[in-house]
Structure formats: structure tokens, C-alpha cells
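Below is one structure, written out as C-alpha cells; the observations come after it.
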Amino acid sequence: MLEYARIRAGARALEIGAGTGKATAALARRGVAILSLEPDARMAAVGRRNCAAFPHVSFLETSLEEWVAEPGRFQLVFSGQAWHWVSPEVAFPRAAEALEAGGTLALFWNRPRWRPSALRAALDEVYAAHAPEIEVSGSGFAGREHDGEGAPSVDDEQGAAITASGLFRDVEVRACAWSESFSSSRYVELLSTHSDHRILPEARREALFDAVAGLVDAAGGITVEYSTELYLARRV
């Protein structure tokens, strides 16, 4: 991202949907001054703690839609795992407004790429039995969707949206494959952060998690493959 943006320490970046500051801290370590927008006060509080070592980082408890813009003040606008929450009719115009001419827009997501296996087939049966609504929805949580088909490209939905805005040029897409292994307890902890699991009735949710944990224990753990997909463009 920094290579594409051609920026150095001291450059100004605007972050959309900072959450608890994971991406914020990673960029701040490279000397970039960051204004992070996070509408959830609790998450912003955690983000401030996580970035306390970086005096050049500040958090505002607001959304991009409600933010009082600073036109042309930033060399980089970035968003990790959050851009899809911004109203489409607002997202690109406001990002372009904040950027200087030639400034960089960088949007990235971690996508599960867990391929078919005996364990996945067994998990599908568990979901069909305990949470059929999640099974039908094709939820994208780790291990249940995105089987590695359809690599990201400038012509896919997100890339096309950037181009169609008419506000950006030189669109590029980069992907980085990685994986993470989980014990049954850590995997259930991960699943419990997903809203479609959290809203299940407690008894059904606990039965689902018990069944999932049993399968993962029997398999000796679970490894989930991911792809971090980064969309880059320059303001016209």
C-alpha cells in the first residue's frame, strides 16, 4: 500500500472504520500520521489504547458520512474490513474529497478461502442440523464460503465500483495468501464474533458450538486459508 501510494513517514492518512486499531497500528509504525474514523465509541476506546504509543494517530468517533471533511488534506485514504459499511453514494465522493490530487485509495479485506474437505462436509451437516438459516445464507465466516474461486481483479464487483465512480484511475488489485490454525476453543471464539451466530437463540448457539468443537477436536484442530485482497487506485 505504501509502495503504491509513494508516501513516506510524515504523510497524512485518513482511515475509514478503524475498529480496534489493528490496521491503524501497523501503518502508524511506519511513521504515517493517521486520522481514524470509528463510529462505535467502545471500539474507538480500544483503538486509542492500542495506538497510545503513536502520538501521530488520533481517533474521531464518527462515520465517513457524518465527518466534517478536510478537503485535499490527505495523501492516503484506507479502510480495512469496513468499506462495505459505508453508503455507496457517499463512499467514493467523500474519499476523493479528502485526498489530494493523485492521492491513493486503498481498500482491503481478509477473505476465507477454505477448500472442500471431509471436515468441511461434516461442519456443513452440523450447520444444517443446528443453524439451517446460516447454512442457507452462505455466510462468509471462516471455513464456510469462498473456496478459492474467482481471484480478485479490477473487473470484479469492488474493482468495477471504483472505476465506475469516475473519481479514480490506475486501479490495481493485489492478493496475499495466508493461513491460520485454530484449536476448537479458539475457532469457536472466532465464530462467536460473527453476528449471524450471535443472534441465534442461546440454546441453539451452544448446541452448534458444542458440535463444531467436537468435530474440530476429532480432527486435531482446523486450519483456515485466507486471502488478503487489496484494491488500490489514485484520485484523478
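All values below come from the heavy atoms of this structure, side chains included, with hydrogens, waters and symmetry mates left out.
- One N or O on the side chain of H56 and one on the backbone of A28 form a donor-acceptor pair closer than 3.5 Å.
- In this structure, the side chains of L60 and S36 stay at 4.5 Å or more apart for every pair of heavy atoms.
- The two residues G19 and F59 come nearest to each other via the heavy atoms O-CE2, 4.2 Å.
- Around the CZ atom of R6, the shell of radius 6.0 Å holds no more than 12 heavy atoms that belong to other residues, nucleotides or ligands.
- In this structure, I222 CD1 and L123 CG are separated by 5.5 Å, a value rounded to the nearest 0.5 Å.
- Side-chain contact between V224 and Y187 is present, with heavy atoms from C-beta onward closer than 4.5 Å.
- Judged by distance alone, with hydrogens and angles left aside, the side-chain atoms of R12 form no donor-acceptor pair with the main-chain N or O of V32 at under 3.5 Å.
- The 12-atom threshold is exceeded at CD of E89, counting heavy atoms of other residues, nucleotides or ligands nearer than 6.0 Å.
- Residue pairs meeting the side chain to side chain donor-acceptor pair (under 3.5 Å) criterion with at least one member in residues 151-168, sequence neighbours excluded: D156-Y231.
- Salt-bridge formation is not detected for the pair R204/E206: no Lys NZ or Arg NE/NH1/NH2 atom is positioned less than 4.0 Å from an Asp or Glu carboxylate oxygen.
- Side-chain contact between E133 and L200 is present, with at least one heavy-atom pair separated by less than 4.5 Å.
- In this structure R186 satisfies the salt bridge (Lys or Arg N to Asp or Glu O under 4.0 Å) test together with E180, sequence neighbours excluded.
- You'll find the side chain of L76 reaches within 4.5 Å of the side chain of M1, heavy atoms only.
- Distance check, rounded to the nearest 0.5 Å: OG1 of T62 to CG of L37 gives 6.5 Å.
- Hydrophobic clustering (side-chain heavy atoms under 4.5 Å, transitive across Ile, Leu, Val, Met, Phe, Trp, Tyr) keeps Y4 apart from I162.
- One hydrophobic cluster, built from ILVMFWY side chains closer than 4.5 Å, holds both F74 and L107.
- Side-chain contact between V126 and L208 is present, with heavy atoms from C-beta onward closer than 4.5 Å.
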> Can V212 and Y127 be said to form a side-chain contact (heavy atoms from CB on, under 4.5 Å), step by step?
Replying inline: CA-CA 9 Å; V212 168; Y127 275 87; 4.1 Å; yes

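- Note that the CD atom of Q75 and the CD atom of E100 stand 4.0 Å from one another [nearest 0.5 Å].
- The closest donor-acceptor contact from the side chain of R30 to the backbone of A26 lies under 3.5 Å.
- Minimum heavy-atom separation, L35 to W67: CD2-NE1, 3.9 Å.
- Taking 4.5 Å as the limit, some side-chain heavy atom of E65 sits within range of a side-chain heavy atom of S63.
- In this structure, the side chain of S87 does not engage the main chain of V90 through any donor-acceptor pair within 3.5 Å.
- Put simply, CD on E97 and CG on L14 are 10.5 Å apart, with the number rounded to the nearest 0.5 Å.
- Between G221 and L119 the shortest heavy-atom distance is O-CD2, 4.3 Å.
- Taking both residues in full, the closest heavy atoms of W109 and Q81 are given as CA-OE1, 2.9 Å, listed atom of the first, atom of the second, then distance.
- Checking side-chain atoms of R48 against main-chain N and O of M43 turns up no donor-acceptor pair under 3.5 Å.
- Between F108 and F78, the ring planes are parallel. Angles under 30° get that label, and only those over 60° would be called perpendicular.
- Under the 4.5 Å side-chain heavy-atom criterion for grouping Ile, Leu, Val, Met, Phe, Trp and Tyr, V77 is connected to L64 within one hydrophobic cluster.
- With rounding to the nearest 0.5 angstrom, the CG atom of L167 is 12.5 Å from the CZ atom of R169.
- Nearest heavy-atom pair, F182 versus V216, reported as atom, atom and distance to 0.1 Å: O-CG1, 4.3 Å.
- In terms of modelled atom types and a separation under 3.5 Å, the side chain of R205 and the main chain of R198 share a donor-acceptor contact.
- R111 has its side chain out of reach of E225: every pair of non-hydrogen atoms, C-beta onward, lies at least 4.5 Å apart.
- Taking 4.5 Å as the limit, some side-chain heavy atom of F209 sits within range of a side-chain heavy atom of H197.
- For the residue pair T223 / S179, no side-chain donor-acceptor distance below 3.5 Å is found, with atom types taken as modelled.
- Nearest heavy-atom pair, N50 versus T20, reported as atom, atom and distance to 0.1 Å: ND2-O, 2.8 Å.
- Linking ILVMFWY side-chain heavy atoms closer than 4.5 Å, directly or via other members, places V154 and L230 in two distinct hydrophobic clusters.
- No cation-pi contact links R235 to F168, judged by a cut-off of 6.0 Å to the six-membered ring centre and 45° from its axis.
- Within a 6.0 Å sphere centred on CH2 of W178, heavy atoms belonging to other residues, nucleotides or ligands number more than 12.
- In the hydrophobic clustering of ILVMFWY residues, with side-chain heavy atoms under 4.5 Å counting as a link, L2 and L105 come out apart.
- The distance from atom OG1 of T24 to atom CD of E15, rounded to the nearest 0.5 Å, is 3.5 Å.
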>> Applying side-chain contact (heavy atoms from CB on, under 4.5 Å) to V173 and L232, what does each step give before you reach the verdict?
In response: CA-CA 6 Å; V173 184; L232 297 159; over 6 Å; no

